[in-house]
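Below is one structure, written out as structure tokens, with a few remarks after it.
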Amino acid sequence: MSKKKLMIHDFQRLKREGEKIAWLTSYDYPTARFAEEAGLDMILVGDSLGMCVYGYESTVPVTMDQCIVHCQAVRRGAPNTFVLGDMPFMSYQKSDEEAVANAGRFLKESSVDAIKLEGGRRVMSRIKAILDAGVVVCGHIGLTPQSSGQLGGHKAQGRTAESARALIEDALAVQEAGAQLLLLEAVPPEVAGFITHRLAIPVLSIGAGPHCDGQLLIVSDMIGQFQAFTPKFVKKYADVAGVVTQAMREYVQEVKTGAFPRDEHCYHMLEGEEAKFRELIKKY
Ligand code: KIV
């Protein structure tokens, strides 16, 4: 039986009822299928695909075209799950018009349910413009990887009272601009808890502690596939890198020793054909 797809009003209801929202990233068809089968409420096709799929050092080189292709694959794998496309660097920074055009591409070309963009007060006009075009928007504040250079690296945000105040102002601005979801990244639980309580819209956490309305993790981190670095907030639920590497080692070994393939992996000739074949190859 296919699962009932949750929509934006369902997330508002879950917040009111105190049920936590479970959210993961996915970048490809098979992982999206697993996510839907496992009962994820939402999937983010994050620009983290730059690191997790393409091996870039940051999210900065990721393009709209790449994001669209991955959103299409995820949509095919998870037709009954709320999918968000992540606006990559320079897809919304230049102007409201360009932001609307790119947000529109996500919907038209890959049928996502919402888009996410980074920034607080400084992206208010972008959020309003995208919303006016009829697109559901998720804000993203705290550690915003696209501007990590300005933040002094991949560092937790809001750890002083003054920087926590700036985060609260950003959170209020995102809500006021009309965003219907907000993601807090790498923020102390004390601050995230206050923001979650203060805002009417669902507030999700990636490294912002347990008091938010739901949690997001990068799938490649939580299944133990991405190995370059692991943020403090990640819990590993599996060791995919270990399992896959071990499987490949065994394969190498079996190919070298001839243990693979065995008879059950072969397509034999049809009955009676082998005798004809033996006769036929005598000429050669
Ligand atoms: O791209 C992504 O996966 C993200 C998360 C880090 C929140 O934006």
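We count ligands from 1, going down the list as the structure has it; atoms in each ligand are counted the same way. As a basis for the values below, the full set of heavy atoms in this structure was taken, side chains included, without hydrogen atoms, waters or symmetry mates.
- With a 4.0 Å cut-off on non-hydrogen atoms, Leu216 touches ligand 1 through its side chain and not its backbone.
- When heavy-atom distances to ligand 1 are checked against a 4.0 Å cut-off, Asp86 comes that close only through its side chain, counted from C-beta outward.
- Atoms of ligand 1 lying under 4.0 Å from at least one heavy atom of Gly46, given by number and element, are 1 (O), 2 (C), 3 (O).
- Tyr27 is linked by a side chain to side chain donor-acceptor pair (under 3.5 Å) to Thr25, Ser48, counting only residues two or more places apart in sequence or in another chain.
- Counting heavy atoms under 4.0 Å from ligand 1, residue Leu183 touches it through the side chain alone.
- Using modelled atom types and a 3.5 Å distance limit, the side chains of Gln72 and Ser110 yield no donor-acceptor pair.
- Relative ring orientation between Phe229 and Phe226 is described as perpendicular, the plane-to-plane angle rising above 60° on a 0-90° scale split at 30° and 60°.
- Using a 4.0 Å cut-off between charged side-chain N and carboxylate O, Glu162 and Arg165 make a salt bridge.
- Residue Glu185 touches ligand 1 through its side chain alone, judged by heavy-atom distances below 4.0 Å.
- For atom 3 (O) of ligand 1, the nearest protein heavy atom (residue, atom name, distance) is Ser48 OG, 2.5 Å.
- For Lys116, the heavy-atom gap to ligand 1 drops under 4.0 angstrom.
- Below 4.0 Å from some heavy atom of His140 lie the following atoms of ligand 1, by number and element: 7 (C), 8 (O).
- Ring orientation note: the planes of Tyr54 and His70 are nearly perpendicular, at an angle over 60° on the 30°/60° scale.
- Between Thr25 and ligand 1, no pair of N/O atoms sits closer than 3.5 Å.
- Salt bridge annotation for Asp47-Lys116: absent, with no cationic side-chain nitrogen under 4.0 angstrom from a carboxylate oxygen.
- Applying the ring pair (Phe, Tyr, Trp, His ring centres under 6.0 Å) criterion to His140, with sequence neighbours excluded, gives no partner residue.
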